[in-house]
**Student:** 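Before I ask anything, let me first share the structure, which is written out below as C-alpha cells.
FYI, side chains are in, hydrogens and waters are out, and symmetry mates aren't considered; it's all heavy atoms of this structure.
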Amino acid sequence: MSGYLGIDVAKHELVVARDGVAGCTTYPNTTAGHAALCAALQAEAGARPVELIVLEATGGYERGVVAALGGAGLPVVVVNPRQVRDFAKATGQLAKTDALDAHVLAAFGARVQPALRPLPSELQEELRDFLARQHQVQQMLLAERTRLQQTLGHRARRPLRQRITRHITFLERELRLLDSDLDDRLRDCPLWRAQDDLLQSATGIGPQTARMLLGHLPELGRVSAAEISKLAGLAPLNRDSGTMRGQRHIRGGRARVRAVLYMATLSAVRHNPVVRAWYDRLLAAHKPKKVALVACMRKLLVVLNAMLKSGSRWQSPAPLRA
C-alpha cells in the first residue's frame with residue numbers, strides 16, 4: 001500500500017487522501033484537528049507507514065498543520081500549486097474538488113517525489129510575517145500618497161485631503177515601528193545578527209535587502225551557486241529544439257527576492273567598484289544593459305551565498321599605488 005498522502009488545505013478543514021486508496025478523511029483545520037490527524041497517522045504507522053505527506057502552499061492556512069506534522073516527526077513537504085495543477089492536467093484530471101485535489105497531491109508525491117526540505121523555524125516564520133506586513137504598509141502608503149496627489153488643486157476636497165493626510169501620518173508611524181521591530185528580531189538572534197552584518201559589508205546591500213534575503217531566502221549560504229540562482233529565479237534557462245538555439249531567459253523563483261536584488265544591484269553598479277567592473281565588462285562584450293544588470297544580480301547573489309557559507313566579509317580590491 002502506498003505511503004504517499006495528499007492534504008488539501010482550506011480555511012476550515014483538511015481533506016486527507018492516500019495514493020491508490022479510494023475515499024478521503026476530513027479533519028477540522030484547528031489545533032485539535034491537527035492533533036487528531038497526527039495521532040491517526042502515528043497509530044497506523046505500523047500497518048500503513050507514511051513515506052511523504054504533500055500539501056500546497058495556500059497563503060498561510062497550511063502553516064499550522066505543517067508545523068504539527070513536522071513536530072510529530074512526519075515527513076511533510078509544501079509544494080508550488082502551479083506544479084501540482086500542471087501535473088493534474090498532464091494526467092487528464094481537469095475537474096477540481098477538495099477530494100480530487102487531495103488525491104492529485106498524493107499522486108504527485110508518489111510520481112514526482114519532491115525533496116524534503118527543512119521546515120522554517122518559528123523565528124523564520126515570524127520574520128516573514130513582519131516582512132509581509134511591512135510590504136503591505138508600504139503598498140498602502142504608496143496608494144494613499146497617490147490619492148493625495150489626485151486631490152490637490154480642488155478647494156472642495158480639503159476635508160478629504162485632511163483625512164488622507166492623517167492616514168498617511170499613521171502609516172508612516174506604523175512603518176517606523178515595523179522597522180524597529182525587525183531590527184529587534186535580528187538583534188535577538190545571534191546567527192541572523194552575524195549574517196546581517198556579513199551581507200551589509202557588501203556595498204549596495206542595505207538593511208532592507210539583507211532582511212529580505214534572510215527572511216525569504218533562508219537557503220542562502222547553505223546551497224550551491226547554481227541552486228541559489230534557481231531559487232531566486234536568476235538562472236538563465238535554455239530554450240533549444242533540434243538545431244534551433246533559443247535565447248536564454250530567467251523565470252520563476254522568488255519574485256520579492258529578485259525585486260530587492262535588482263534595486264541593490266542598481267546601487268552596487270554605481271557605488272561598488274567590483275560590481276561596476278562586472279557590469280562594464282559585460283557592456284564591452286556588447287551585452288544589452290538589462291542583460292548585463294541581471295547577470296550582475298546573479299553574480300552578486302552567488303558571492304553573497306559564498307560569503308555566508310564561509311563566514312567572510314566582502315573583500316574590496318586594494319587601491320593601486322602610484
**Student:** Could you list the residues that satisfy side chain to side chain contact (heavy atoms under 4.5 Å, CB included) with A295, not counting sequence neighbours?
**Tutor:**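 Side chain to side chain contact (heavy atoms under 4.5 Å, CB included) check on A295 returns L282.
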**Student:** Side chain of S241, backbone of M244: donor and acceptor closer than 3.5 Å?
**Tutor:**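 No; judged by distance alone, with no hydrogens or angles, the pair does not exist.
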**Student:** Answer with yes or no whether the side chains of D8 and H103 bring together a donor and an acceptor at under 3.5 Å.
**Tutor:**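 There is no such pair between these side chains.
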**Student:** Hey, are D183 and R211 close enough for a salt bridge, meaning a charged N less than 4.0 Å from a carboxylate O?
**Tutor:** yes
**Student:** Which pairs pass salt bridge (charged side-chain N to carboxylate O under 4.0 Å, His left out) with one or both residues in residues 60-85, sequence neighbours excluded?
**Tutor:** R63-E125, R63-D129, R82-D86, R85-D101
**Student:** Under a 4.5 Å cut-off applied to non-hydrogen side-chain atoms, are Y27 and E13 in contact?
**Tutor:** no
**Student:** Is any side-chain heavy atom of V54 closer than 4.5 Å to one of V78?
**Tutor:** no
**Student:** Looking just at side-chain N and O atoms, do Q162 and T165 make a donor-acceptor pair shorter than 3.5 Å?
**Tutor:** no
**Student:** Should H12 and P28 count as side-chain neighbours, where that means a heavy-atom distance under 4.5 Å?
**Tutor:**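 Side chain of H12 against side chain of P28, heavy atoms only: no contact under 4.5 Å found.
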**Student:** Which residues satisfy the side chain to side chain contact (heavy atoms under 4.5 Å, CB included) test with L308, sequence neighbours excluded?
**Tutor:**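 Testing L308 for side chain to side chain contact (heavy atoms under 4.5 Å, CB included), a comparison that skips the adjacent residues, returns Q195, L198, L199, L220.
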**Student:** Checking R147 against Q150: is there a side-chain donor and acceptor pair closer than 3.5 Å?
**Tutor:**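 Checked: Q150/R147 side chains show no N/O donor-acceptor pair below 3.5 Å.
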**Student:** Are L261 and L234 side-chain neighbours, meaning at least one heavy-atom pair lies under 4.5 Å?
**Tutor:**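 A side-chain contact exists here, since the closest heavy-atom pair is under 4.5 Å.
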**Student:** State, to 0.1 Å, how close T203 and N272 come at their nearest heavy-atom pair, and which atoms those are.
**Tutor:**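 Looks like O-ND2, 3.1 Å.
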